[in-house]
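The structure appears below as structure tokens.
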Amino acid sequence: MPEMILVETHGAVGVIRLNRPAALNALCDLLVGEIGSQLVDFNANPDIGCIILTGSEKAFAAGADIKEMQSRTYPAVLHDDFIAKWETVLRVKKPVIAAVAGFALGGGCELAMMCDMIICADTAKFGQPEINLGVMPGAGGTQRFTRAVGKSKAMDMCLTGRMMDAAEAERSNLVSRVFPAGTMMEEALKIAAKIASQSQTASLLTKKSINAAFETTLTQGIATERALFLSLFGTADQKEGMAAFVEKRTPSFAKPA
Ligand code: CAA
């Protein structure tokens, strides 16, 4: 049984809730390992079509565990490469939504940015405060933050270590939507249920294609998209989705066999 996460399923939606309240969900090795194992389980479960990663009202996660990192040496971190274990989420093929309330700082912000989209409560506070600790972001912050919000704001956030509220995060395209804190989880579940009701194959390939936009030229990205789009004509889901439209009914997509 995991000690630092709570796991729920709501129909075809899997929810992983970080649950280390005494440390504001600081991402220690145990917590990161438990998140990774559960992500792998949900990814392999054909009944799950979308995953939500969330925290508490006070904190999504206040960063990597500073107390655990404090005494680590360069040779030790070089060999252990502890941040690599955070990246399981990047290997999940199903859509993963980060639902953020309260603090998403340092590694917490970076973990949220590794997810496919971020929605947040109006209480959310994002930041890359590692500079205050004499270090810098180490789980993708300088790269994903910059791609999301642009160079000037990324420099501002990473060099001053200041926090950004939900309104600024939405304005800056760090998050896709902001909800009142009291309804954020309900809204996250609605979004995830909608995603989970679609063709799992189409969402897998859509995610793959959007992610390709960050790794390739436009020409290569368009070629990737075209090949993936055409491949969907070999699926039962394409036949069902288009037949349902023509017959004026709701499509019913089968779980991947
Ligand atoms: N690591 C370990 N413990 C943490 C933590 C972290 N990142 N963030 C908070 N905690 C602990 C605190 O030490 C405190 O524990 P104790 O009660 O045992 O002292 C508990 O959580 C509650 O925290 P505060 O009392 O500080 O709560 P607050 O409401 O006054 O402040 C906060 C909240 C502004 C988030 C503040 O806790 C804070 O600044 N946290 C650190 C944020 C940070 O620097 N994150 C970056 C970490 S480095 C990193 O993430 C590297 C990377 O890129 C991978």
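Excluded from the calculations below are hydrogen atoms, water molecules and symmetry mates; all remaining heavy atoms, backbone and side chain alike, are included. For ligands, and for the atoms within them, numbers begin at 1 and follow the listed sequence. Along the sequence shown, residues are numbered consecutively beginning with 1. Predicted model, so just to flag it, every value in this text is computed and none were measured.
Ligand 1 places these atoms under 4.0 Å from at least one heavy atom of G107: 49 (C), 50 (O). Annotation for ligand 1: atoms under 4.0 Å from non-hydrogen atoms of L133 are 44 (O), 47 (C), 48 (S). Numbered from 1 in the order shown, with element, the atoms of ligand 1 that lie under 4.0 Å from a heavy atom of G106 read 46 (C), 50 (O). Each of the atoms 53 (O) of ligand 1 lies under 4.0 Å from some heavy atom of P137. Heavy-atom contacts of D65 reach the following atoms of ligand 1: 1 (N), 2 (C) (cutoff under 4.0 Å). Which parts of ligand 1 touch A23 is read off a 4.0 Å heavy-atom cut-off, strictly below it: atoms 4 (C), 9 (C), 10 (N), 11 (C), 21 (O).
Inspection of the T183 and E186 side chains reveals no N or O donor paired with an N or O acceptor under 3.5 Å.
Nearest approach of A99 to I52, heavy atoms of both residues: CB-CG2, 3.9 Å.
In this structure, K207 contributes its side chain and V92 its backbone to a donor-acceptor pair below 3.5 Å. For R20 (side chain) and A26 (main-chain N/O), a donor-acceptor pair under 3.5 Å exists by modelled atom type. When atom types are taken as modelled, the side chain of K93 and the backbone of N43 share no donor-acceptor pair closer than 3.5 angstrom. The closest donor-acceptor contact from the side chain of S231 to the backbone of L228 lies under 3.5 Å.
Annotation: atom 38 (C) of ligand 1 to nearest protein heavy atom, L105 CD1, 4.8 Å. Of all protein heavy atoms, the one lying nearest to atom 7 (N) of ligand 1 is A64 O, 2.9 Å. Shortest contact from atom 54 (C) of ligand 1 to any protein heavy atom: E110 OE1, 3.5 Å. For atom 27 (O) of ligand 1, the closest heavy atom belonging to the protein is L24 CD1, 3.8 Å. Given atom 17 (O) of ligand 1, the protein heavy atom at minimum distance is A22 O, 4.5 Å. Counting only heavy atoms of the protein, atom 28 (P) of ligand 1 lies nearest to K58 NZ, 4.4 Å. Counting protein heavy atoms only, atom 12 (C) of ligand 1 is closest to K67 NZ, 3.9 Å. For atom 51 (C) of ligand 1, the closest non-hydrogen atom of the protein is E130 CG, 3.6 Å.
Distance check on atom 25 (O) of ligand 1: every protein heavy atom falls at or beyond the 4.0 Å cut-off. The nearest protein heavy atom to atom 36 (C) of ligand 1 is not closer than 4.0 Å. For atom 33 (C) of ligand 1, the nearest protein heavy atom is under 4.0 Å away. There is a protein heavy atom closer than 4.0 angstrom to atom 48 (S) of ligand 1. Of the protein's heavy atoms, none falls inside 4.0 Å of atom 30 (O) of ligand 1. Under the 4.0 angstrom criterion, atom 15 (O) of ligand 1 counts as having a protein heavy-atom contact.
The side chain of I83, and not its backbone, has at least one atom closer than 4.0 Å to an atom of ligand 1 (non-hydrogen atoms only; side chain from C-beta on). In M69, the part holding a heavy atom less than 4.0 Å from any atom of ligand 1 is the side chain.
Put simply, the side chain of S203 does not reach to within 4.5 Å of the side chain of L205, judged on heavy atoms. In this structure the side chain of E240 reaches within 4.5 angstrom of the side chain of F253, judged on heavy atoms.
Exactly one residue among E34, K67, M69, E68 makes a side chain to side chain contact (heavy atoms under 4.5 Å, CB included) with C28. That residue is E68. Shown are M157, R144, K153, M164; of these, the side chain to side chain contact (heavy atoms under 4.5 Å, CB included) with L174 is made only by M164.
Atom 5 (C) of ligand 1 has its nearest heavy-atom neighbour, among A26, G141, G127, G161, in A26.
Ion pairing between D116 and K94 fails under the 4.0 Å rule for side-chain N and carboxylate O.
Interatomic distance, OG1 of T9 versus CD1 of I51, reported as 12.0 Å (0.5 Å rounding).
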Go through it in stages, so that I can follow the logic: the residues are I35 and I5, the test is side chain to side chain contact (heavy atoms under 4.5 Å, CB included), and I'd like the CA-CA distance, side-chain angles, deciding distance and then a yes or no. CA-CA 7 Å; I35 295 167; I5 56 168; 4.0 Å; yes
When you look at M184 and E187, which way does the side chain to side chain contact (heavy atoms under 4.5 Å, CB included) test go after all the steps? CA-CA 5 Å; M184 195 260 304; E187 297 293 343; 5.8 Å; no
